[in-house]
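This is a predicted model, so every value here is computed, not measured. Each ligand, and each atom within it, is numbered from 1 in the order the structure gives.
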Amino acid sequence: STIISTLKESDDENRVAITPDVAEKLVHKDFQVLVEKGAGEKAFFSDQAYVDAGATVVSRDDAVSKANLIAVINQPDEATRAKIHEGQILIGLLKALVDTDAIQELAKQKVTALSFELLPRTISRAQSMDVLSSQASIAGYKAALVAADQFARYLPMMITAAGTAKPAKVLVLGTGVAGLQAIGTAKRLGAIVSGYDVRPASRGEVESLGAEFLTSSVSAVGAGGYARQLSADEQKQQQDELVGFIKQNDIVITTAQVPGKKPPLLVPQQAIDNAKSASVFVDLAASDLGGNVSGSKPGQTVMTENGAKIIGAGNLASQLATSASEMFSKNVQAVINDIADKDGNLNIDLTDDVMSQLVATDHGEIISDRLRDALN
Ligand code: NAD
């Protein structure tokens, strides 16, 4: 029968790509499931839980060499990649558009590599496979909690015998999947919340959460429901406008991304200098390339001269490892269901509208148009 495996991730990753629950469902469908020893430990799934689900706990070598499909969270290390061969399918957040060396190596080895970043997310059949959405939603939720935790005041209004505390004001910049979840979470914590985006379509979504939508003077709708990159003039105009919005808030959570591009700088130094003392900035877009907030560093908290905190969010989904793994694993299961025929053989139809984009490489060829563009 067809063999599905999952690997133990690197030390800085707590998630696992297949949970015992999904393993059990796969076993019911006559797949054989191999799990590298300790793969689920940091997400609180024991090896015993996998065995109880009908999976087999094996060494990394076996999990890599025996599988027809290997499911991972992140791109495996070089030594592991080198052992994956033609005819095997590798699926995960392979960073195809960013880590192009790794994906080209996999292409050379004729591995069939499916990179979740390439999923055409607006096709409705792809929604159950949408790892970017499931993990962004978790990151947005966690971002609001991190901000609340680092803020020296209450979020909700508090009326007590010792006096009344004003509710905190939270601004979310970039109201896609993560931003909307940050808004919902901050609202539930009792803050006064507003959202801002360059896609006017997001107004309804923000308002339906009971938050105010701050209209941007820049409209930047791009392809596939994403924002496009702003021109230098538009960016300047946006930054000037945001300085005013930002100084009225206590907490600013930023999530703005443009696919395949450096994240836009939304909070310039001037906005930080003008921010209220004790303000908290959480930058979900913080990366080695820079982020949405001037001076943010991924995985680090930077204190400014006027007492503001700039938190460069690291891998927030990994901090909610159990929920994140459950959702990731369901997304993986949806892909397996989609490509398995009635006998349980994995047959990817490269002419299919979802698979022709999700598949980065197959039999040595680059399949995804987006990836081919990125490589040229
Ligand atoms: P993303 O992570 O690429 O970006 C986050 C947000 O930042 C987006 O809302 C984007 O508009 C915004 N942004 C980018 N540049 C900005 C700037 N300069 N200033 C302010 N905001 C800026 O986006 P995402 O969360 O992955 O989702 C983006 C879009 O895709 C949304 O419209 C979402 O509803 C849509 N989507 C649709 C589906 C679906 O149809 N099934 C699934 C997922 C996402």
Novice: Using a 4.0 Å cut-off to any heavy atom of Q238, which atoms of ligand 1 qualify?
Specialist: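 The atoms of ligand 1 under 4.0 Å from a heavy atom of Q238 are 17 (C), 18 (N), 19 (N), 20 (C).
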
Novice: Please check if the side chain of D283 supplies one atom and the backbone of N292 the other of a donor-acceptor pair under 3.5 Å.
Specialist: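 A pair under 3.5 Å: yes.
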
Novice: How close does the nearest protein non-hydrogen atom get to atom 29 (C) of ligand 1, and which residue and atom is it?
Specialist: G225 O, 3.1 Å

Novice: Is the shortest side-chain heavy-atom distance between D352 and R125 below 4.5 Å?
Specialist: yes

Novice: What protein heavy atom lies closest to atom 25 (O) of ligand 1? Include the residue and the distance to one decimal.
Specialist: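 Answer for atom 25 (O) of ligand 1: V177 N, 2.7 Å.
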
Novice: Strictly inside 4.0 angstrom of atom 33 (C) of ligand 1, do you find any protein heavy atom?
Specialist: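 It does not; no protein heavy atom is within 4.0 Å.
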
Novice: Looking at every heavy atom in both I138 and A317, which two are closest together, and how far apart are they?
Specialist: CG2-CA, 3.8 Å

Novice: Would you say Y196 and ligand 1 have an N/O pair spaced under 3.5 Å apart?
Specialist: no

Novice: Suppose we measure from atom 37 (C) of ligand 1 to each protein heavy atom; which comes out shortest, and what is that distance?
Specialist: T122 CG2, 4.4 Å

Novice: So do the side chains of L132 and L119 get within less than 4.5 Å of each other, counting heavy atoms only?
Specialist: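 SC-SC contact between L132 and L119 ruled out.
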
Novice: Using a strict cut-off of 4.0 Å, indicate which atoms of ligand 1 neighbour a heavy atom of L266.
Specialist: 17 (C), 18 (N), 19 (N)

Novice: Who's the nearest protein heavy-atom neighbour of atom 8 (C) of ligand 1, and how far?
Specialist: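 Ranking protein heavy atoms by distance from atom 8 (C) of ligand 1, first comes D197 OD2, 3.5 Å.
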
Novice: Check whether any side-chain heavy atom of V64 lies under 4.5 Å from a side-chain heavy atom of S5, and answer yes or no.
Specialist: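 Not touching, per the 4.5 Å side-chain cut-off.
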
Novice: Need the ligand 1 atom indices (1-based, order shown) with element for anything under 4.0 Å from a heavy-atom of V258.
Specialist: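 Selected atoms, number and element: 15 (N).
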
Novice: I need the atoms of ligand 1 closer than 4.0 Å to a non-hydrogen atom of D130, numbered in the order shown.
Specialist: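 Counting from 1, the qualifying ligand atoms are 42 (C), 43 (C).
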
Novice: Between V354 and D338, is there a side-chain heavy-atom distance shorter than 4.5 Å?
Specialist: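 With C-beta onward as the side chain, the pair stays apart.
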
Novice: Quick one: pull up CD in Q333 and CD1 in I4 and give me the separation to the nearest 0.5 Å.
Specialist: 10.5 Å

Novice: State which residue, out of Q135, E326, E9, fulfils the side-chain hydrogen bond (donor to acceptor under 3.5 Å, both in side chains) condition with R15.
Specialist: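 The passing option is Q135.
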
Novice: Strictly under 4.0 Å, does any heavy atom of L132 approach an atom of ligand 1?
Specialist: no

Novice: Examine the proximity of ligand 1 to L173 and report which part, side chain or backbone, both or neither, has a heavy atom under 4.0 Å away.
Specialist: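 For L173, there is no contact with ligand 1 at all, from either part.
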
Novice: Please list, in number order, the atoms of ligand 1 under 4.0 Å from a heavy atom of P264.
Specialist: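 Selected atoms, number and element: 15 (N), 18 (N).
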
Novice: For atom 5 (C) of ligand 1, what is the closest protein heavy atom, and at what distance to 0.1 Å?
Specialist: T255 O, 3.3 Å

Novice: Closer than 3.5 angstrom, by distance alone: can the side chain of T322 be matched with the main-chain N or O of A43 as a donor-acceptor pair?
Specialist: yes

Novice: Give a yes or no on whether atom 40 (O) of ligand 1 lies under 4.0 Å from any heavy atom of the protein.
Specialist: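 Given the 4.0 Å cut-off, atom 40 (O) of ligand 1 counts as touching protein heavy atoms.
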
Novice: Taking NZ, NE, NH1 and NH2 as the nitrogens, is one of them in D250 or K166 under 4.0 Å from a carboxylate oxygen of the other?
Specialist: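 K166 and D250: not salt-bridged.
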
Novice: Give me the residue, atom name and distance of the protein heavy atom closest to atom 14 (C) of ligand 1.
Specialist: Q257 O, 3.2 Å

Novice: Can you establish whether the number of heavy atoms outside D343 located under 6.0 Å from its atom CG is more than 12?
Specialist: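 Yes - once you tally the heavy atoms of other residues, nucleotides and ligands closer than 6.0 Å, there are more than 12.
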
Novice: Note the single closest protein heavy atom to atom 26 (O) of ligand 1, along with its residue, its atom name and the distance in Å.
Specialist: R121 NH1, 2.7 Å

Novice: Which atoms of ligand 1 sit under 4.0 Å from any heavy atom of Q127?
Specialist: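 In order of number, 39 (C), 40 (O), 41 (N).
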
Novice: Got Q270 and Q239 here, is their nearest side-chain heavy-atom distance under 4.5 Å?
Specialist: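 Counting from C-beta outward, Q270 and Q239 never come under 4.5 Å.
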
Novice: Using a strict cut-off of 4.0 Å, indicate which atoms of ligand 1 neighbour a heavy atom of A227.
Specialist: 10 (C), 11 (O), 13 (N), 14 (C), 15 (N)

Novice: Looking only at heavy atoms, is any part of V218 under 4.0 Å from ligand 1, and if so is it the side chain, the backbone, or both, or is it neither?
Specialist: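 None of V218 does.
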
Novice: Before accepting this row, confirm whether a basic side-chain N of the pair R370/D373 lies closer than 4.0 Å to the acidic partner's carboxylate O.
Specialist: no

Novice: Taking 4.0 angstrom as the limit and counting only heavy atoms of S133, give me the atoms of ligand 1 inside it, by number and element.
Specialist: 42 (C), 43 (C)

Novice: When you measure from atom 7 (O) of ligand 1 to every protein heavy atom, which one gives the shortest distance, and what is it?
Specialist: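 Checked against all protein heavy atoms, atom 7 (O) of ligand 1 sits closest to A256 CA, 3.2 Å.
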
